Amino acid sequence: MSRRVERLSRGALQRILSGKFKDEQKPLFFVIKFYSNGCHYCHELHDDYVNMANKHDDASFFAFNIDDDPSIQNILDFKGVPTICTVYVDTRKPRIRFIPEPSTPHKKKWYYARDIDSFINKEKMRNER
């Protein structure tokens, strides 16, 4: 079964980053891709990101278009798109971690699918402790 990657509004992104959820059982694990309409890497990475959503059914996958709010890059302190982060929400303050910049970027997608998968798995294990 194919899972959807949901597009986030600014308000929904703020709820995730603040960890403010009503009636949700915690812990929660989110993966967010930040993208821009004009970014060719972002468009090329789309299929790999959807495949990750299908592979990791214990996480919720989202995408946020920074064209909707360019200030988000400064607020979260990342340099450009595509950028991927995980957000782990339990009873404490949400933990946000960004995938490291690739030492050798993919020529078309920026990130390799294996690196995204490895990052997600590492973050899941880190949060299970």
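Small disclaimer: the values here were computed from a predicted structure and weren't measured. Both backbone and side-chain heavy atoms feed into the values below; hydrogens, waters and symmetry mates do not.
Counting only residues at least two apart or on different chains, the side-chain hydrogen bond (donor to acceptor under 3.5 Å, both in side chains) pairs with a member in residues 6-15 are R7-Y35, R7-D68, R10-D69.
One finds the CD1 atom of I66 at 12.0 Å from the CG atom of L13 (value rounded to the nearest 0.5 Å). Separation of atoms CD (E123) and CD1 (I99) is listed at 9.5 Å; rounding is to 0.5 Å. The distance from the CD1 atom of I72 to the CD1 atom of I75 is 4.5 Å, given to the nearest 0.5 Å. The distance from atom CD1 of I32 to atom CG of L76, rounded to the nearest 0.5 Å, is 8.5 Å. Distance CE/M52 to CG/D47: 11.5 Å, rounded to 0.5 Å.
By the 4.0 Å N-to-carboxylate-O rule, D77 lies close enough to K79 to be salt-bridged with it. Taking a cutoff of 4.0 Å between a charged side-chain nitrogen and a carboxylate oxygen, E44 and K109 do not qualify as a salt bridge.
Side chains of D58 and H56 form a contact here, defined as non-hydrogen atoms less than 4.5 Å apart. L45 has its side chain within reach of I116: a pair of non-hydrogen atoms, C-beta onward, lies under 4.5 Å apart. Looking only at side-chain heavy atoms (C-beta outward), F61 and I84 stay at 4.5 Å or farther from each other. Side-chain contact between Y111 and P105: absent, with no pair of heavy atoms (C-beta onward) separated by less than 4.5 Å. For the pair P82/C39, a side-chain contact is recorded, criterion being any heavy-atom separation below 4.5 Å from C-beta on. No side-chain heavy atom of F98 sits less than 4.5 Å from a side-chain heavy atom of T86. Inter-residue side-chain proximity for E101 and W110 is flagged as met; some heavy-atom pair is nearer than 4.5 Å.
Using bins of under 30°, 30° to 60° and over 60° for the plane-to-plane angle, the ring pair F34/F64 lands in the perpendicular bin.
S36 and C42 get closest at one heavy-atom pair: N-SG, 3.7 Å.
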**OP:** Apply the test side-chain contact (heavy atoms from CB on, under 4.5 Å) to residues T83 and K33: give CA-CA distance (whole Å), side-chain angles for both, the deciding distance (0.1 Å), then the verdict.
**Re:** CA-CA 6 Å; T83 292; K33 178 180 83 168; over 6 Å; no

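Between F29 and the options V89, I120, V87, D90, a side chain to side chain contact (heavy atoms under 4.5 Å, CB included) holds for only I120.
Each of V81 and Y112 belongs to its own hydrophobic cluster when Ile, Leu, Val, Met, Phe, Trp and Tyr are linked at side-chain heavy-atom distances under 4.5 angstrom.
In this structure, Y49 contributes its side chain and A63 its backbone to no donor-acceptor pair below 3.5 Å. Remark: the backbone N or O of N37 is paired with a side-chain donor or acceptor of D67 at under 3.5 angstrom.
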